[in-house]
Number of protein chains: 2
Amino acid sequence: MNAAGTSRSAKPGGRTLANDAYERVRAAILTGRFRPGDRLRFADLQALCGMSVTPVREALARLTAEGFAVLDDHRGYSVASLSLSELRDITANRKRCEGEALRLSIARGDAEWEARIVASHHLLSRLPQGREDMPSVISAGWDARHAAYHQALISACGSPILLDICARLFAHADRYRRISVSLAGAQRDAAAEHRLILERALARDADAAVEALQAHYQNTADAIEAFLETAG
Amino acid sequence: MNAAGTSRSAKPGGRTLANDAYERVRAAILTGRFRPGDRLRFADLQALCGMSVTPVREALARLTAEGFAVLDDHRGYSVASLSLSELRDITANRKRCEGEALRLSIARGDAEWEARIVASHHLLSRLPQGREDMPSVISAGWDARHAAYHQALISACGSPILLDICARLFAHADRYRRISVSLAGAQRDAAAEHRLILERALARDADAAVEALQAHYQNTADAIEAFLETAG
DNA sequence: ACCTGACATATTTTCGAAAATCATTGACAG
DNA sequence: CTGTCAATGATTTTCGAAAATATGTCAGGT
């Protein structure tokens with residue numbers, strides 16, 4: 001019996017096998033290891049996760065409700081595919097929703113919120129975004145810190161529902177970004193943009209901060225668009 | 001073999017038992033027949049839907065991802081409970097998201113969009129919102145037409161993601177409304193507000209139409225709040 | 001060559017029971 | 001009287017196989 005969690009080897013991720021399957025498949029989709037359009041056969045996923053069909057089925061049901069997988073009745077699940085129009089739709093909604101959430105956070109955030117965004121930005125700035133050698137290991141840590149920084153920025157908005165909407169939009173947008181990075185190799189350097197957003201948020205200049213955040217998302221989307229048009 | 005659908009008696013709703021269970025349980029939650037906080041035992045739902053545990057489990061996984069049920073690992077599912085703070089959060093986000101969607105629809109909508117909102121409003125106006133006698137049958141039709149009208153209003157916004165967000169917010173808000181109506185008995189008359197929104201949308205006066213829509217949602221929320229504070 | 005239909009295969013969907021986990025009860029010690 | 005702990009019952013979670021459905025193949029006719 002170790003201190004944290006149980007001693008069972010079969011449930012690394014969550015408290016149930018279904019949770020474990022959910023986290024594994026979700027991570028594989030978001031990182032691009034399961035590619036857009038790929039079929040998600042139960043036999044494969046059972047072998048991969050080392051469990052029966054029931055928990056896998058539950059995991060795919062959740063992922064489908066979140067838009068990461070699609071189900072064709074009696075024909076099986078597959079990874080949700082990418083499209084230029086969806087990327088643009090995600091980006092537009094992200095700019096609107098996260099922009100509003102940032103504005104609220106700047107209006108309502110206290111000193112602890114300031115501490116959260118300073119700390120999470122520091123962690124992010126201390127990590128290279130990615131390199132040609134060992135891209136996977138480094139980028140795994142960077143991806144997590146990048147998501148944590150953006151979450152911290154809007155964490156004082158006071159609306160759990162808005163936070164949930166933003167989290168979902170971020171996850172979908174990040175899938176586009178990670179897949180285009182992993183396939184294109186190159187990626188742009190967003191460190192300056194992240195710093196600019198932080199400075200303006202700390203200065204409580206909502207209009208300027210929101211403008212910087214929206215420009216950041218638009219720049220990211222433009223880079224992905226360029227990739228999708230050539231390789232997609 | 002009849003023309004539409006299969007001849008199987010076991011699948012009235014969707015093409016699979018899991019779809020059927022999903023629709024049944026969802027409807028029961030949204031109408032308030034399954035009350036907030038109620039436990040959702042598999043034995044009960046299996047008996048109700050006439051199927052085994054697997055499809056029921058899949059249905060509850062989907063409903064949980066949509067926020068209509070909550071899961072406590074190894075302790076079971078239950079109907080999501082209501083709270084004053086959540087009602088206010090839903091209302092604020094609804095005003096923001098649907099307001100923006102209506103503004104986009106007014107800017108982009110063509111003649112077919114106009115026809116949709118005129119037609120759906122006509123259907124809605126031809127039905128009494130509810131009466132003391134026979135409330136359930138009448139209100140079932142009214143609820144559907146009410147949802148259809150609000151969906152039509154924003155149907156030309158051009159953003160599938162925004163439409164999805166609005167649909168989810170509407171469903172959650174409508175659960176609050178239906179439960180408060182069914183428990184309080186009385187309900188306010190929103191016909192004039194619906195007509196005002198339609199007129200301003202047809203006149204392409206976006207600011208005025210959005211203002212009327214947001215006032216409509218705020219008035220509805222205020223009535224529910226009054227009920228929640230007394231009876232909740 | 002091309003379409004049709006029956007057969008065989010692959011895959012999903014569902015079931016019924018076993019295993020695992022949680023909640024409750026009641027005995028017993030402090 | 002109070003708190004701990006084991007035994008019991010209720011419920012969730014998972015499994016392995018059966019049933020249902022879709023997909024692919026191939027012979028036969030036009």
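Below, all heavy atoms of this structure are taken into account, side chains as well, without hydrogens, waters or symmetry copies. Numbers restart at 1 for each chain; the letters A, B, ... are given by sequence-line order, proteins then strands.
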request  = Please list, chain by chain and in numerical order, all residues satisfying side chain to side chain donor-acceptor pair (under 3.5 Å) with Gln151(B), sequence neighbours excluded.
outcome  = none
Please report the distance, rounded to the nearest Å, between [atom1] in [X] and [atom2] in [N].
| X | N | atom1 | atom2 | answer |
| --- | --- | --- | --- | --- |
| Asp20(B) | dT13(C) | CG | P | 15 Å |
| Asp73(A) | dT13(C) | CG | P | 7 Å |
| His74(B) | dT21(C) | NE2 | C1' | 6 Å |
| Asn19(B) | dT13(C) | CG | P | 9 Å |
| Met51(B) | dG16(C) | CE | C1' | 15 Å |
| Arg75(B) | dA10(D) | CZ | C1' | 14 Å |

ask   = Any chance the side chains of Asn93(A) and Ser159(B) put a donor and an acceptor closer than 3.5 Å?
value = yes
request  = For DNA chain D, determine which residues of residues 34-42 of chain B have any heavy atom closer than 4.0 angstrom to one of its atoms, and list them numerically.
outcome  = Arg39(B), Leu40(B), Arg41(B), Phe42(B)
message = Which is more 5' along DNA chain D, the nucleotide nearest Thr54(A) or the one nearest Ala43(B)? Just name the residue.
response = Ala43(B)
ask   = Please, which pairs that meet side chain to side chain donor-acceptor pair (under 3.5 Å) have at least one residue in residues 27-36 of chain A, sequence neighbours excluded?
value = none
Identify every side-chain donor-acceptor pair in residues 64-71 of chain A under 3.5 Å, counting partners at least two apart or on other chains, and give the distances.
| from | atom 1 | to | atom 2 | distance (Å) |
| --- | --- | --- | --- | --- |
| Thr64(A) | OG1 | Leu60(A) | O | 2.8 |
| Glu66(A) | OE1 | Tyr22(A) | OH | 2.9 |
| Glu66(A) | OE2 | Tyr22(A) | OH | 2.9 |

request  = State which residues pass ring pair (Phe, Tyr, Trp, His ring centres under 6.0 Å) with Tyr149(B); sequence neighbours excluded, sorted by chain then number.
outcome  = His121(B), His194(B)
If you check every side-chain atom of [X], which of [options] has the closest atom?
| X | options | result |
| --- | --- | --- |
| Pro55(B) | dT21(C), dC15(C), dT14(D) | dC15(C) |
| Ser52(B) | dT13(D), dG16(C), dC15(D) | dG16(C) |
| Val53(B) | dC22(C), dG16(C), dT13(C) | dG16(C) |

Which residues share a side-chain contact (heavy atoms from CB on, under 4.5 Å) with Val53(A), sequence neighbours left out = Phe42(A), Gln46(A)
